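On a predicted model such as this, the values are computed, not experimentally measured, just so you know.
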Amino acid sequence: MSKDIVCTQIRLPAGIHEYIQQEADKMGIAQNAFLIILLEQGKKLWEADVTHLLEVK
């Protein structure tokens with residue numbers, strides 16, 4: 001096993017687990033691969049420099 005990979009265990013609410021299963025099946029990929037996609041996208045959003053500008057009318 002590569003030294004760049006860490007094995008871990010997480011607890012998920014049943015609804016999120018079902019969502020991961022369904023979406024991974026739709027895409028034809030492993031649940032782990034889909035979870036990694038979600039984590040990477042979430043990380044990008046979390047780290048984004050987002051500024052909300054309100055338009056005054």
Spatial distance of atom [atom1] ([X]) from atom [atom2] ([Y]) [nearest 0.5 Å]:
{"X": "Gln31", "Y": "Leu12", "atom1": "CD", "atom2": "CG", "answer": "9.5 Å"}
{"X": "His17", "Y": "Ile10", "atom1": "NE2", "atom2": "CD1", "answer": "9.0 Å"}
{"X": "Ile16", "Y": "Gln21", "atom1": "CD1", "atom2": "CD", "answer": "12.5 Å"}

All heavy atoms of Tyr19 vs all of Leu38, minimum pair found to be CE2-CD1, 4.5 Å

Using the rule that two of Ile, Leu, Val, Met, Phe, Trp, Tyr join whenever any of their side-chain heavy atoms come within less than 4.5 Å, decide whether Leu39 and Phe34 are in one cluster.
yes

Given salt bridge (Lys or Arg N to Asp or Glu O under 4.0 Å), test Lys44 with Glu40 step by step and report yes or no.
CA-CA 6 Å; Lys44 288 178 186 177; Glu40 288 176 347; over 6 Å; no

Please lay out, stage by stage, how Ile37 and Leu35 fare under the test side chain to side chain contact (heavy atoms under 4.5 Å, CB included).
CA-CA 5 Å; Ile37 291 168; Leu35 187 54; over 6 Å; no

Could you name each residue pair satisfying salt bridge (Lys or Arg N to Asp or Glu O under 4.0 Å) that touches residues 25-35, not counting sequence neighbours?
Glu23-Lys26

